[in-house]
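Before any comments, here is the structure.
Indexing begins at 1, ligand by ligand and atom by atom, following the structure's order.
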Amino acid sequence: MKMALRACLRTKPGLTALLSQLSCSGHAAARRAPALVAQRSSSSTSQKIKVDFDQSSGVAVMHMQSPPVNSLSLEFLTDVCIALEKLEMDKSCRGLVVTSSQPKVFSAGLDILDMYGKSPEHCAEFWKAVQEMWLKFYGSNMITIAAVNGSSPAGGCLLSMTCDYRIMADNPRYSIGLNETKLGIVAPFWFKDTMVNTVGHRATEMALQLGLLYSPAEALKIGLVDQLVHEDQVLTTATETMTKWLAIPGILNISYTCHFFHLWCCNLVCTICSCVCQVIAAKKIHLSQDF
Ligand SMILES: CCCCCCCCC/C=C/C(=O)SCCNC(=O)CCNC(=O)[C@H](O)C(C)(C)COP(=O)(O)OP(=O)(O)OC[C@H]1O[C@@H](n2cnc3c(N)ncnc32)[C@H](O)[C@@H]1OP(=O)(O)O
């Protein structure tokens with residue numbers, strides 16, 4: 001699925017336009033212009049994001065450092081998008097590992113304080129930034145690996161699922177999943193679709209209906225994460241795994257892209273049909289109440 005989005009963004013102008021309506025690509029760039037990373041090994045830091053880029057391996061490590069729990073606020077999301085844009089523009093950067101500098105938490109998901117009691121304008125900008133982060137990760141040309149070194153509920157789980165591969169710390173105190181239902185929130189369809197693409201329909205249905213948070217062992221069992229390692233080895237394993245992924249010629253990625261692109265299109269059409277049906281059903285209910 002991620003590769004399908006990559007293909008759209010690379011090769012299908014029509015769909016790029018469609019997706020750009022979901023995203024706000026201008027929003028991050030408007031605040032700060034991206035710059036190329038030029039040194040052999042470099043480190044760039046915003047207040048909430050630190051990126052170490054090793055040009056010899058072509059791999060960057062993005063450390064999320066927004067205390068206490070890397071919650072995805074508008075400011076944080078903007079910093080993430082800017083960092084991603086910079087790396088994406090540097091063609092020597094082929095792989096990205098995302099991890100957390102906070103103890104025990106990968107990301108607590110969307111910043112609840114940034115969603116509550118704010119102006120409609122702020123909410124719109126916030127929501128666009130969430131979509132932009134999703135699109136940028138899912139559509140990235142880089143191989144992306146999530147080094148999940150702590151709990152990762154809701155939007156944190158979404159972030160990890162947009163990556164090509166997930167390695168989680170094998171600590172039973174940590175959990176991961178889309179728990180929105182438990183908070184009285186319906187996860188948006190693209191959260192759901194991302195999970196379906198990761199663990200399949202039935203597991204997603206169970207997860208979303210019950211708002212399940214999984215232990216690392218359970219997450220591995222359903223395929224929500226790909227590998228468990230000791231807490232101290234999450235980042236080193238991610239870097240080693242990246243070497244394997246980068247050994248595959250890029251052209252094969254593009255070939256798989258075509259298969260997944262077809263699936264993604266079918267899915268999009270189904271979603272549109274489903275929305276139309278819901279509107280018709282809602283109108284029918286409304287009409288029947290009038291009589
Ligand atoms: C506009 C359009 C709308 C559109 C709305 C549609 C949205 C649909 C999709 C929603 C997606 C989401 O991600 S909704 C977000 C869901 N997130 C969650 O449910 C995570 C809740 N948090 C946790 O479970 C835990 O905090 C966890 C991450 C495991 C860490 O546990 P710890 O014991 O280590 O730490 P805690 O003591 O709990 O938390 C430390 C501090 O961090 C704060 N904190 C924790 N999670 C936070 C969060 N998500 N946002 C802000 N702050 C958070 C706590 O309040 C504490 O603050 P102090 O007391 O001040 O120290």
*Taking all heavy atoms of Phe106 and all of Ala146, pick out the closest pair and write down the distance.*
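Taking Phe106 first and Ala146 second, the nearest heavy atoms are CZ-CB, 4.3 Å.
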*asked:* Suppose we call two aromatic rings close when their centres sit under 6.0 Å apart. Are Trp127 and Trp134 close by that rule?
replied: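 Trp127 vs Trp134: aromatic centres not under 6.0 Å.
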*asked:* Within the supplied structure, the quantity of interest is the number of heavy atoms (other residues, nucleotides, ligands) at a distance under 6.0 Å from Lys50 NZ; does it exceed 12?
replied: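 Yes, enclosed.
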_Tell me whether Asp226 contacts the main-chain N or O of Arg166 through its side chain, where contact means a donor paired with an acceptor under 3.5 Å._
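Such a contact is found between Asp226 side chain and Arg166 backbone.
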_So, using side chain to side chain contact (heavy atoms under 4.5 Å, CB included) as the criterion, who are the partners of Ser57 when residues are at least two apart?_
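Checked Ser57 against side chain to side chain contact (heavy atoms under 4.5 Å, CB included); matches are Asp54, Val59.
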*Pair His230-Asn171, side-chain donor/acceptor within less than 3.5 Å*: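 There is no such pair (donor and acceptor under 3.5 Å, judged by atom type) between the side chains of His230 and Asn171.
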*Name the residues with a heavy atom less than 4.0 Å from ligand 1?*
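Correct list: Pro68, Val69, Ser71, Val105, Ala108, Gly109, Leu110, Asp111, Ile112, Met115, Cys123, Phe126, Trp127, Ser151, Pro153, Ala154, Gly155, Asn179, Glu180, Leu183, Ile185, Pro188, Phe191.
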